[in-house]
Each structure stands twice: as C-alpha cells, then as structure tokens.
Amino acid sequence: MIINRRSALAGLGAGAAWTLAAPGLALASVDTDRRFVFVFLRGGMDGLTAVPAYGDPNYAASRGVLADPAPGAGTAFDILKLDGTFGLHRDLKNLKGLYDGGEMLVVHAACHNYRDRSHFDAQDAFDRGTLDKGVKTGWLNRTLSVLPTQYSAGRKDVGMGLGPTLPLSLRGDIAVGSWSPPSAPQADPDTLKRLASLYAKDTRLGPVLERGLTAQQMGSSMSGMMDMMGGSQGFGNSIAFQEYAKAAAKFISAPNGPRVVTIDFGNWDSHANQNQHTVRGANNGNYGGQFAEMYLGLDKGIAALKAGMPPEVWNKTVVMLVTEFGRTVKINGTQGTDHGTGGAAFLLGGAVKGGRVLADWPGLKDADLLDGRDLKPTTDLRALAKGVLLQHMAVDEAALSAKVFPDSAAVKPLDGLIKA
C-alpha cells in the first residue's frame, strides 16, 4: 500500500481535460473527464433536520421543537420547499438552487447495512464497504483498481484524499494522493530537490519524494487561502470544510489531476442542544450554536466547490454526500437526538439527473419506526454508490458486487441517477 502524504499535482490551472480512446479495450470510448467527489458527513447527520418531511402527517408531532415551520409560514425558519412532502433546512439555500436547476438529487430513508448505532463501527463499515472487519482496504481504493484503465493515463494519482488523515475508504493497494494545509515547518525546497535526485531510482522512496515536492509547490500557491482558516482546522469545523471544498475544486479541475476526491466533514453528532433558533446577529452572521452553523457551512462549501470549477468540469462531476446513520425521530431529554438508522443523502453536480427526491417513504408513525425510534431505512447507500460508479465512472457492475462492495450482489445499483 502506498499513501503519498500531502501529494499534489502540478499544472492545476483550470481547463478542460482530455479523453483517451484505447484501441482494443471493451471500454475504448470511456470519458475520463468524469469526476467523483465523496463527502462523508461523519457523526450522524440528522436527516429529518437536513431534509424535513414536513408533508408527513406525523412530522410536527413526532419532531416536537425540532419541527421547523412549513414552507410559506412566513418565519425566519421556514423549511425550503422541494415538493409536497419534503423540504430542505433553511440554511441550505445553495443546495436548493442546485435542486431547482436539476443538479441535485435527494435520497431519503437511506442507510447502508450496518445496524448497531456505533459511530466508529458504522463509519468503518461504510469506509470498508462491508461489515467484514477482516477487510483492511477501502471501497474507494478498490474502486480505483477497477476503473477503466484510461483513467490512469497521464496522471500520477487518480484518487486523492483531502484532510489531516487519509480516510479508510481510500486506503489500499492503489497509490493515492493526500493533501492538507501545512501545520508544521516545511523542508527547504532545495533540500527536497536534492533528496528527490538522490532517491530518484529508489522504487519506494523516489515516487513519495517526488509527490512531496509537488505538494510543497502546490501548498505555497494555496497558503493565502488556507490562512483564511486561521490555521489548521479539524474535520468538524465548517469553515475548514469550505476551504477543503475550494481545494478540491482546484485539484479536480486540473487536466492531469485526480478524478476521485474525498473530503471528510465531521461533528454532526447532535445529542444535545440541537434546536438552535437564535436569530442571526449582525456580528457573526450565523445562527447561534454548533448545529445551526453546520448546515450553513455545508451549503457554503458546496457553493465554493461549484464556483471553483469551470462549467465544463462541473458538468462532468458528481458529488455524493452521505452520513453513517441518521438520528432518532423524536427529541431526547437534552434537546437533541440520539444515534438512529435511516437518514438523508445527496447527489449533486452538473452530471446529476436531479430536481427529485428518491424515497420509498416508510412514514413517521410510531408503528412505522424501526425499533420504535428510528426512521426505517428503505434504500441502501451501497445501491446509490453503485449507481454512480456504474453510470458515471463506467465501473463494471460485476466488479461492484464482487470487489468494491463485497457480497452485495443482491443490492442492485439505483438507476437513472446520471444525465444521458
């Protein structure tokens, strides 16, 4: 396994990438301009806050003080209407614009096949793509191993993780890049060049040093942007997510840049004080409290991701946002929600066939809840990921069930996710 810390690619100017037709291959016409961004909302985002089912007759009673006013109520906290049943959190205005423009698809009552409500185990299960803890590689790294070979031509790393640590989903036998803002003194550029020359013929250290050198060059061009973060930030900071989104746009827009990028955005665990109806103040520009800030940060980050891409790149991009599980339907004694099961996921991007909510809606009556407490999951997140990889990235369906998500032949890819 090769993990290239702080790896970056040279030539990150915006512009259209190329396609390669490889004669003799079954997938000779694969469009290698296509990009995939995976955003893991770690901590268990409350799907009924992000995508409230205001049209369900039991919504207001089951959610209590967490039930925001219906669309058109005329308050500062009105839900943004998607259709007659579902809406968006009031701070997801940019996502609402994507939905209205046909560039966002919402999937509700969704979860993968883990059911024990442990953050760590649930995240690991999705990162691995299987409940089998004996599997030590991630589903995205295995995806890289079964992408059409044209994706690898002309670039060092097809996959890249953005953040302080490389997520398990990208770990494995395929070499990937990794980048995060500098948080420690950096080696002198001349020293790096001499070391790279010294170890150029070393098959293990040579490529790592070469990537480190290009990462430093990239880091210097982005230092101004990262200074806006006030230094190195953790995953759970919404400002940090916005800056990682800007970086992702720059990396993925490069003609020879990565085609699969991951970003982690954590701190969605909402056990207490989840209801934050503090009116926006003139000074901070946010609703008061952590959870009022999270949706605003998510919305701004996605807007920055799109804004950082040329239209021709955005139009060939899919961004998938998932969380490890949803929350309990009803509020708990500390004005929050506990670990649940069914939740909400998003597909967005210029390549997405959006403007829709996909939901086999189970209902919010007590009798309809899983174990009397959770939104019952009716869509498997693996089916969502399979659909994207099959339709957008041209991954073979048999490989999806046998390798990317082992032992998942019964989970069929969702159809109709990507524009023709």
Side-chain angles (χ1 to χ4, degrees), residues 1-22 25 27 30-38 137-138 140-167 169-182 186-187 189 191-222 244 246-263 308-310 313 316-317 393-395:
M1 178 176 67
I2 301 174
I3 299 175
N4 303 312
R5 180 65 176 154
R6 301 186 189 279
S7 176
L9 296 170
L12 286 168
W18 41 264
T19 58
L20 175 67
L25 293 178
L27 292 171
V30 167
D31 180 359
T32 57
D33 260 359
R34 292 177 178 264
R35 278 84 161 175
F36 177 54
V37 180
F38 174 61
T137 59
L140 273 175
N141 193 279
R142 297 194 299 274
T143 295
L144 299 179
S145 74
V146 295
L147 280 178
T149 56
Q150 296 95 313
Y151 277 99
S152 299
R155 57 182 54 88
K156 294 176 182 176
D157 298 311
V158 180
M160 173 171 281
L162 303 186
T165 60
L166 191 72
S169 62
L170 262 183
R171 298 178 193 174
D173 297 327
I174 303 300
V176 297
S178 180
W179 182 88
S180 64
Q186 300 296 302
T191 300
L192 277 178
K193 288 179 182 178
R194 284 187 277 114
L195 284 171
S197 177
L198 180 63
Y199 289 99
K201 295 183 180 181
D202 189 302
T203 58
R204 294 177 64 84
L205 290 178
V208 174
L209 285 169
E210 183 181 1
R211 288 181 170 92
L213 182 58
T214 54
Q216 187 182 69
Q217 293 167 349
M218 173 61 183
S220 64
S221 71
M222 302 183 73
Y244 279 121
K246 294 176 185 177
K250 192 167 186 179
F251 278 112
I252 212 165
S253 295
N256 61 339
R259 291 297 177 261
V260 177
V261 170
T262 67
I263 311 174
M309 296 183 189
V313 174
K316 294 192 175 185
T317 296
M393 303 297 285
V395 176

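Worth saying up front: this structure is predicted, and the values here are computed from it rather than measured.
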Closest non-hydrogen atom pair between Arg155 and Gly257, with its separation:
NE-O, 2.8 Å
All heavy atoms of Ala394 vs all of Val30, minimum pair found to be CB-CG2, 4.2 Å
Can you check whether Leu147 reaches Val395 side chain to side chain, under 4.5 Å on heavy atoms?
yes
Closest heavy-atom contact between Met393 and Arg34?
CE-O, 3.9 Å
Smallest separation among heavy atoms of Pro167 and Thr262, with atom names:
CG-OG1, 3.6 Å
Sole residue of Phe36, Phe38, Tyr151 in side-chain contact (heavy atoms from CB on, under 4.5 Å) with Val260
Phe36
Result for side-chain contact (heavy atoms from CB on, under 4.5 Å) between Val176 and one of Val261, Val158, Leu166 points to Leu166
Would you say Arg171's side chain and Ser169's backbone share a donor-acceptor pair under 3.5 angstrom?
no
In terms of heavy-atom contacts, Pro258 and Phe251 come closest through CD-O, 3.5 Å
Closest non-hydrogen atoms of Gly172 and Thr137, given as atom of the first, atom of the second and distance, are CA-CG2, 3.7 Å
Thr32 backbone acceptor or donor facing Arg259 side chain under 3.5 Å
yes
For residues Leu170 and Leu144, determine if any side-chain heavy atom of one lies less than 4.5 Å from a side-chain heavy atom of the other.
yes
Quick one: does any side-chain atom of Asn141 pair with a main-chain N or O of Ile174 as donor and acceptor, under 3.5 Å?
yes
